[in-house]
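Heads up: the structure comes next, in structure tokens.
Just so it is clear: chains get the letters A, B, ... in the order the sequence lines come, proteins before strands, and each one is counted from 1.
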2 protein chains.
Amino acid sequence: MADSTSHTVVGVVLRVREGHLEVLVGGARLRQHEQLEPALSRAVDVSALAHVEQLETRILPDGVLATAYLGLVPADGTLAGAWREVTKVGEHGELVAAAQARLRAKLSYTNVGFALAPSVFTISELREIYVAALGHDVSATNLQRVLVRRGVLERADGQRAPGRTGGRPAALFRFASDRLEVTDEFAALRPPTGPESRRPRGSRASG
Amino acid sequence: MADSTSHTVVGVVLRVREGHLEVLVGGARLRQHEQLEPALSRAVDVSALAHVEQLETRILPDGVLATAYLGLVPADGTLAGAWREVTKVGEHGELVAAAQARLRAKLSYTNVGFALAPSVFTISELREIYVAALGHDVSATNLQRVLVRRGVLERADGQRAPGRTGGRPAALFRFASDRLEVTDEFAALRPPTGPESRRPRGSRASG
DNA sequence: GCAAAAGTGTTGTGTCTACACCCATGT
DNA sequence: ACATGGGTGTAGACACAACACTTTTGC
């Protein structure tokens, strides 16, 4: 009876490897009077995660009440475990789908790519990460311009030497921040830019 | 000991009244083997809500593990309870702030306004709702154009007669859908529009 | 006629996609 | 020289804010 309302914390960790989005899922029972984050750190190695955020709480098919977190690991990170490609079906399919959807959305309007990319990279390398995470093609040209214009990317020193087949050496970039930032907050309905950002009037319904 | 991991479901319900955003909070203990939604329906009158979505799970200041839901009620809806303006401090301040932030964000890129507005309304009336919910001024002109262009609003039959002070009669509008839809999904990094929406290539890391 | 409220026309700005073109390297 | 991969220039599409202007009513 004591555990009939037991709670589990699930970590759904994503990374990109060899052009594929991979997932690692771990869970841990919430102890009495324990906070959620400590339980998460028992479920997965949180120190290896470049970004963590809560996903959702749901009752799993086996009846367990679980709070899921999304974790992201850089492409050059090392986190041991039973990684599998997200395209392959496995346990916790709905949680993995939710994690993927969340990542996909946030890649568009935040700088969350920092948590998937190595500390320094070329635009081509970053493009492959975005392609794998978004599931559709991405233009390297436009990716660079969008992220630089938004101030998300900045140049790093040095270049990457070309491979045996030649080609111009690639410039190196890094993410300007390693904390989540919303880069496109007011895509629409942004507040007025006028001389004084007007406050809402104490308006009343007409009549 | 049996309730040390007890779980509470909290409903944070928002509505706009007289130009002010108001909140009503209710909670219910999750019963053994109960799903989350039934518990929510004991916390608040879900049948009065035009939209519901899960907010977050956290441990409240009193140590209770709680999953919060955001509920929205139309301006002409009737839901009894201890409503208070969101600007006035009260219990569950952080959950209310999270609800407000979620509503504010979704007003920009979804049609969620349908859940705050009456079934038929003028642009002026809708503008007051947006002003109260967003906390900043909104241009009636641009609000109409944005929402009509996106296909979120459509004209309803008839007009609203002007008040005693005169003025042109206002056209009536309604929301085209009463279910949540994302209206601006690919604000950036949208997939190619080319002849064939190209699939991601089986790309490998360079080198 | 005049004030008030609603709605439309139009201009300018910023962000994005697409694509042509140039740059730097290996063979 | 030429292929290859990287990067820039630039044009066009689109959505938005801002504001002038027109429409329709009450008094």
How many whole angstroms separate atom CD of E128(A) from atom P of dG5(D)? 12 Å
Toward the 5' end of DNA chain D, by each residue's nearest nucleotide, G167(A) or R155(A): G167(A)
Using a cut-off of less than 4.0 Å, is there contact between a side-chain N or O of Q144(A) and OP1 or OP2 of dT8(D)? yes
Report the nucleotide, chosen from dA17(D), dG9(D), dT10(C), that has the shortest atom-to-atom distance to any side-chain atom of R145(A). dG9(D)
Have a look at F121(A) and tell me which of F173(A), Y130(A), F114(A), F175(A) forms a ring-ring contact (aromatic ring centres under 6.0 Å, His included) with it. F175(A)
Of the nucleotides dG7(C), dT25(C), dG26(D), which one has an atom closest to the side chain of P162(B)? dG26(D)
L143(A) atom CG is separated from dT8(D) atom C1', nearest whole Å, by 16 Å
Tell me if a side-chain donor or acceptor on N111(B) pairs with a main-chain N or O of V152(B) at a distance below 3.5 Å. no
Per atom distances to the R164(B) side chain, the nearest of dG9(D), dT8(C), dC27(D) is dC27(D)
I want to check one thing: is the phosphate of dA6(C), taken as OP1 and OP2, less than 4.0 Å away from some side-chain N or O of T122(B)? no
How would you label the contact of S124(A) with the nucleic acid (heavy atoms, under 4.0 Å): base, sugar-phosphate, or nothing? sugar-phosphate
Please walk me through it: do H92(A) and E94(A) pass side-chain hydrogen bond (donor to acceptor under 3.5 Å, both in side chains)? CA-CA 6 Å; H92(A) 304 301; E94(A) 299 202 333; over 6 Å; no
Using a heavy-atom cut-off of under 4.0 Å over every strand shown, decide if A140(A) touches base, sugar-phosphate, or nothing. nothing
Given dT25(C), dG5(D), dG9(C), which nucleotide is nearest the side-chain atoms of T165(A)? dG5(D)
Within 45 degrees of the axis of the six-membered ring of W83(B) and under 6.0 Å from its centre: does R17(B) put its NZ or CZ there? no
With no hydrogens and no angle check, just 3.5 Å: does a side-chain donor-acceptor pair link E22(A) and H20(A)? no
From C-beta outward on A170(A), which listed nucleotide comes closest to its side chain: dG6(D), dT25(D), dA18(D)? dG6(D)
With heavy atoms under 4.0 Å as the rule, sort A171(A) into base, sugar-phosphate or nothing. sugar-phosphate
Taking for each residue the nucleotide of DNA chain C with the nearest heavy atom, is it F173(B) or G166(A) whose nucleotide lies nearer the 5' end? F173(B)
Protein-nucleotide distance (N142(B), atom CG; dA6(C), atom P), rounded to Å: 16 Å
L147(A) CG to dT17(C) P, in whole Å, measures 10 Å
Report the nucleotide, chosen from dG9(C), dT24(D), dA24(C), that has the shortest atom-to-atom distance to any side-chain atom of R168(B). dT24(D)
Let me know the distance between OH of Y109(A) and C1' of dA15(D), rounded to the nearest Å. 20 Å
How many whole angstroms separate atom CZ of R160(A) from atom C1' of dT4(D)? 17 Å
Using whole Å, what does the distance between atom P of nucleotide dA6(C) and atom CZ of F121(B) come to? 14 Å
Can a salt bridge be assigned to the pair E34(A) and R42(A) using a cut-off of 4.0 Å between side-chain N and carboxylate O? yes
Atom CG of L134(B) to atom P of dA17(D): distance rounded to whole Å? 11 Å
Is a donor-acceptor pair below 3.5 Å formed from side chain R127(A) to base dG6(D), judging by atom type as modelled? no
